[in-house]
Amino acid sequence: MSAAEPGGVQRGSGDAAVAAAQSRAESTRGVNLQDVPPLPIPEDTANLRLGPVLDDACLALLPLVGVWRGTGLFGNEPGAQSPDFGQQITISHDGRDFLRHESVLWLLDDDGEVTGPGAREVGFWRPQPDGSLELLIAHAEGRIEVFYGQARSATAWAMSTDGTWRTPTAAPVIGATRLYGITPDGRLAYVEERAHKDAALAPHASAALERIAG
């Protein structure tokens with residue numbers, strides 16, 4: 001028979017495991033993301049005036065750094081006016097030779113009301129010594145894409161996939177292109193095309209996002 005713990009709980013029993021878990025949770029149950037102590041390394045920054053200095057390798061991507069938010073459209077319906085989704089893109093860095101990329105979407109109805117969360121993706125922009133660009137994107141829906149491309153100008157970047165990996169439950173996307181650019185009025189705009197296994201590249205989404213930080 002298992003020996004009794006203080007309080008009458010048997011060591012090795014399910015009750016003991018539950019009690020131990022509850023005890024450990026006492027110091028964390030009221031703590032959430034915003035309350036976690038900072039890491040012992042420089043924090044990421046999406047503001048070029050604050051935090052680590054941008055690495056010289058990332059200078060060709062400098063205009064992208066920031067937090068961007070706005071609305072966009074799926075597909076390419078002529079005359080479409082009402083946005084289909086809201087989006088926030090965060091492009092930040094920690095002083096090293098890459099940028100961190102995160103996109104969060106939320107879905108909108110015809111009246112512009114939020115109906116729920118949408119697609120999410122995270123990844124990294126990796127500029128190369130020869131001037132080319134790599135963009136690695138992991139999608140919450142079960143797909144990983146590796147884009148290659150280059151700057152078209154000081155404020156535009158064209159990317160296309162070289163490799164796509166997906167889980168059995170992911171949408172059958174086999175390729176994609178993305179064109180990012182900073183508009184004359186300072187917004188981050190992009191157009192994305194996707195190819196499914198039974199169809200050629202076709203418009204998937206586009207948006208023009210306002211800078212809200214950086």
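Heads up: numbering here begins at 1 and tracks the sequence. Predicted model only: the values in this text are computed from it and were never measured.
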Inter-residue atom distance Asp109.CG - Asp84.CG, 0.5 Å rounding: 10.5 Å
Considering only heavy atoms from C-beta outward, does the side chain of Ile144 approach that of Ile137 to under 4.5 Å? no
Minimum heavy-atom distance between Asp97 and Ala57, given as atom pair plus value: CB-CB, 3.8 Å
Matching residue for Thr177 among His204, Glu193, Glu192 - test: side chain to side chain donor-acceptor pair (under 3.5 Å): Glu193
Between atom CG of Leu48 and atom CG of Leu54, what is the distance when rounded to the nearest 0.5 Å? 6.0 Å
Around Asp35, counting heavy atoms of other residues, nucleotides and ligands shown, do more than 12 lie under 6.0 Å from its CG? yes
Side-chain contact test, heavy atoms from C-beta onward, threshold under 4.5 Å: evaluate it for Gln87 versus Leu105 and give yes or no. yes
Between the side chain of Thr45 and the main-chain N/O of Leu50, is any donor-acceptor distance below 3.5 Å? yes
How long is the span from the OG1 atom in Thr183 to the CG atom in Leu188, to the nearest 0.5 Å? 8.5 Å
Residue pairs meeting side-chain hydrogen bond (donor to acceptor under 3.5 Å, both in side chains), one or both in residues 132-153, sequence neighbours left out, come to Arg126-Glu134, Asp130-Ser132, His139-Arg143, His139-Glu145, Glu141-Arg143, Arg143-Glu145
Do the side chain of Trp68 and the main chain of Ile91 share a donor and acceptor less than 3.5 angstrom apart? no
Any side-chain heavy-atom pair of Ile41 and Asp94 under 4.5 Å: no
For Arg166 versus Ala170, what's the shortest heavy-atom pair and its separation? CB-CB, 3.8 Å
Could you tell me whether a side-chain N or O of Thr161 sits under 3.5 Å from a main-chain N or O of Ala176, the two making a donor and an acceptor? yes
Is Asn47 reaching over with its side chain to a backbone N or O of Arg49, donor-acceptor style, under 3.5 angstrom? yes
Do the non-hydrogen side-chain atoms of Ile182 and Trp157 ever get within less than 4.5 Å of each other? yes
Do the ring planes of Trp125 and Tyr180 sit parallel (below 30°), tilted (30 to 60°) or perpendicular (above 60°)? perpendicular
Measure the spacing between OH of Tyr190 and CG of Leu179 and express it to the nearest 0.5 Å. 12.0 Å
Is there a donor-acceptor contact under 3.5 Å linking the side chains of Ser92 and Thr90? no
Going from CH2 on Trp106 to OG1 on Thr71, what distance comes out if it is rounded to the nearest 0.5 angstrom? 9.5 Å
For the residue pair Cys58 and Leu99, what are the closest heavy atoms and their distance? SG-CD2, 4.0 Å
What I'd like to find out is whether the side chain of Val67 reaches to under 4.5 Å of the side chain of Gln88, using heavy atoms alone. yes
Hey, does the side chain of Asp111 reach the backbone of Glu113 with a donor-acceptor pair shorter than 3.5 angstrom? no
Please check if Met159 and Leu59 belong to a single hydrophobic cluster, counting links between Ile, Leu, Val, Met, Phe, Trp and Tyr side chain heavy atoms closer than 4.5 Å. yes
Asp55 side, atom CG; Phe98 side, atom CZ - distance, nearest 0.5 Å: 9.5 Å
With the side chain counted from C-beta on, respond yes when Thr115 and Leu108 share a heavy-atom pair under 4.5 Å apart, and no when they do not. no
Connected via hydrophobic side-chain network under 4.5 Å: Leu62 and Val65: yes
Taking every non-hydrogen atom, the tightest pair across Leu73 and Ser82: CD2-O, 3.0 Å
Would the number of heavy atoms belonging to other residues, nucleotides or ligands and lying under 6.0 Å from CD of Gln128 be above 12? yes
All salt bridge (Lys or Arg N to Asp or Glu O under 4.0 Å) counterparts of Asp185, not counting sequence neighbours: Arg187
Cluster overlap Val122 with Leu61, hydrophobic side-chain contacts below 4.5 Å: no
Any side-chain heavy-atom pair of Trp165 and Val146 under 4.5 Å: yes
Which heavy atom of His93 sits nearest a heavy atom of Pro52, and at what distance? CE1-O, 3.1 Å
